[in-house]
Amino acid sequence: MADNPLFQSRPDPQAGDSAAQPVNPVSPDTNLAANIIRRKLTTIYSEEPNATKELKEAEVIRPRSKHQQFIHELNASGKSLAVIQTAWHEYYISLPDEEKHQVWQEFYDSNQNSPYQQYVKQQPEPPAKPTKPVVSEHQQPRTTQQAPIDLRSLRDIKTLILEHIAETTQVKAKHHLKSLIFGLSTGLLVVFIFLFSFFNEIIITPLIQPSRTVGSTPLIVNASSVTASSTPEVIIPKINVEIPVNYNQTSDNENDIENALEGGVVHYPSTVLPGQNGNAAFFGHSSNNIFNPGKYKFAFVLLHELVKGDTFYLTYLGKVYVYQVIDTRIVSPNDVAILNDTEGQPATATLITCDPPGTSINRLAVTGEQISPNPSNNTTASPQATSTATVLAGNGPSLWARFWKWL
């Protein structure tokens with residue numbers, strides 16, 4: 001120690017030169033600061049309780065539950081934190097709901113005495129906020145910004161409300177009007193479709209050409225202008241008609257003739273044939289329902305345009321017979337006398353159809369006398385079977401008639 005500079009001897013003023021004292025090279029200020037720190041640390045740690053002692057006291061005072069014992073054993077097992085957390089999680093999950101509630105209750109109870117809770121309990125309650133003294137309406141000071149005062153009179157306010165109600169009502173009336181117009185438009189469309197479906201033969205009559213096989217109306221001045229085809233036909237240049245004629249019908253029953261009309265114009269079997277003396281009668285549709293079968297539904301739709309002096313033609317057995325109109329008349333469906341011979345005429349042909357077009361109310365009969373070839377060369381007709389017809393054939397049943405019959 002004699003060699004340590006901290007313990008070098010120095011003369012003692014009272015002992016003389018013979019006494020040796022250790023020499024401290026640190027300045028007195030430094031020793032003073034260190035001593036102060038040492039005293040503070042000694043004071044702090046002198047009041048620190050013994051952890052082991054506290055743990056033993058806690059075990060004696062508060063016995064552990066089975067859940068606390070389980071976690072205590074885990075903590076004392078020396079296992080890692082991850083293993084402890086996993087084991088505790090599995091243990092907690094396996095508990096019933098009542099014991100889970102017990103675990104949480106123990107957790108809350110144990111934290112009631114924690115230093116933090118004790119600190120919170122020791123803190124003084126914050127002072128209550130001072131209540132604002134109630135000031136009467138007369139004592140309350142007026143502020144510079146106040147709500148605007150409505151200066152309108154009661155009459156003005158009432159007028160404004162009535163105007164607003166009128167505007168609202170007017171808007172609703174417009175909506176009602178639009179709804180009414182929409183409803184009426186839809187209803188009219190439905191009615192139009194209904195009427196067209198049931199009465200289309202009347203609606204589309206003016207738009208139909210009776211025959212589209214003729215490109216243009218032929219200007220016929222004599223029989224040589226018409227060439228007879230292998231199929232018997234009736235040709236009416238004025239109304240652009242060129243339609244085949246069925247001469248094979250043997251029954252003059254109304255239903256039978258209506259069925260035969262699907263193939264064209266029908267010759268009444270109880271009347272004479274072209275080239276024979278007497279009256280040859282033919283029937284064709286004026287306008288029929290488009291839903292009915294057959295392609296000659298509008299064969300004689302324009303027959304009413306023929307007047308006296310007009311001509312029409314019948315081709316039969318390779319010959320052309322020319323007729324000139326001498327009479328047009330409208331008769332009832334029961335007037336079967338128009339099928340008989342025409343008085344004062346040796347050879348005639350009568351074209352019959354329904355009138356007005358699209359209905360079966362009446363019949364239009366157009367009669368023409370034979371002018372070519374000369375009727376003096378005609379043959380005498382063989383005795384014809386007596387006609388049993390009581391009603392002249394009419395248009396086929398309309399969709400409405402079919403519907404009504406079905407009802």
Side-chain angles (χ1 to χ4, degrees), residues 1-135 140-141 143-145:
M1 295 179 60
D3 296 336
N4 192 335
L6 295 175
F7 293 89
Q8 292 181 357
S9 61
R10 61 179 178 179
D12 187 354
Q14 298 178 357
D17 294 338
S18 61
Q21 297 292 337
V23 179
N24 189 351
V26 183
S27 64
D29 295 337
T30 304
N31 288 331
L32 181 60
N35 291 333
I36 293 173
I37 294 173
R38 290 189 186 98
R39 284 196 298 269
K40 289 184 176 181
L41 291 175
T42 301
T43 302
I44 293 173
Y45 285 103
S46 64
E47 298 177 358
E48 181 71 18
N50 189 293
T52 304
K53 182 180 179 181
E54 286 187 347
L55 183 60
K56 291 181 179 180
E57 292 177 354
E59 291 178 356
V60 173
I61 297 173
R62 298 183 62 184
R64 302 187 187 95
S65 67
K66 68 173 185 177
H67 313 302
Q68 293 173 341
Q69 182 62 31
F70 179 81
I71 192 65
H72 174 73
E73 292 175 357
L74 280 178
N75 291 331
S77 64
K79 298 179 181 179
S80 64
L81 180 61
V83 174
I84 292 174
Q85 290 177 345
T86 303
W88 171 251
H89 177 73
E90 294 176 353
Y91 173 79
Y92 177 78
I93 292 299
S94 63
L95 294 175
D97 292 340
E98 295 181 358
E99 295 192 13
K100 288 179 180 178
H101 176 73
Q102 183 181 355
V103 170
W104 282 105
Q105 189 63 42
E106 291 174 357
F107 172 77
Y108 294 139
D109 293 341
S110 64
N111 280 277
Q112 290 296 327
N113 298 320
S114 65
Y116 174 76
Q117 293 293 338
Q118 295 297 332
Y119 172 78
V120 171
K121 292 180 180 179
Q122 294 174 3
Q123 296 300 316
E125 294 184 0
K129 294 183 179 180
T131 57
K132 188 176 180 181
V134 179
V135 182
Q140 186 173 4
T143 58
T144 55
Q145 294 182 355

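Just the heavy atoms: all of them, side chains too, but no hydrogens, waters or symmetry mates, feed the values below.
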> Taking atom OG of Ser65 and atom CD of Glu106, what is their separation to the nearest 0.5 Å?
Replying inline: 3.0 Å
> What distance do Leu32 atom CG and Ile37 atom CD1 have between them, rounded to the nearest 0.5 Å?
Replying inline: 10.0 Å
> Taking only residues two or more places apart in sequence, or in another chain, which ones meet Arg38 in a side-chain hydrogen bond (donor to acceptor under 3.5 Å, both in side chains)?
Replying inline: Asn35
> What residues, two or more places apart in sequence or in another chain, satisfy side-chain hydrogen bond (donor to acceptor under 3.5 Å, both in side chains) together with Gln105?
Replying inline: Asp109
> Is there any side chain to side chain donor-acceptor pair (under 3.5 Å) pair reaching into residues 77-93, and which pairs are they, with sequence neighbours excluded?
Replying inline: His67-Tyr91, Tyr92-Trp104
> Which residues satisfy the salt bridge (charged side-chain N to carboxylate O under 4.0 Å, His left out) test with Lys40, sequence neighbours excluded?
Replying inline: none
> How would you list, by chain and number, every residue that makes a salt bridge (charged side-chain N to carboxylate O under 4.0 Å, His left out) with Glu73, sequence neighbours excluded?
Replying inline: none
> Got Ile36 and Arg39 here, is their nearest side-chain heavy-atom distance under 4.5 Å?
Replying inline: yes
>> Could you report the tightest heavy-atom contact between Ile84 and Leu74, atom names first, then the distance?
In response: CD1-O, 3.6 Å
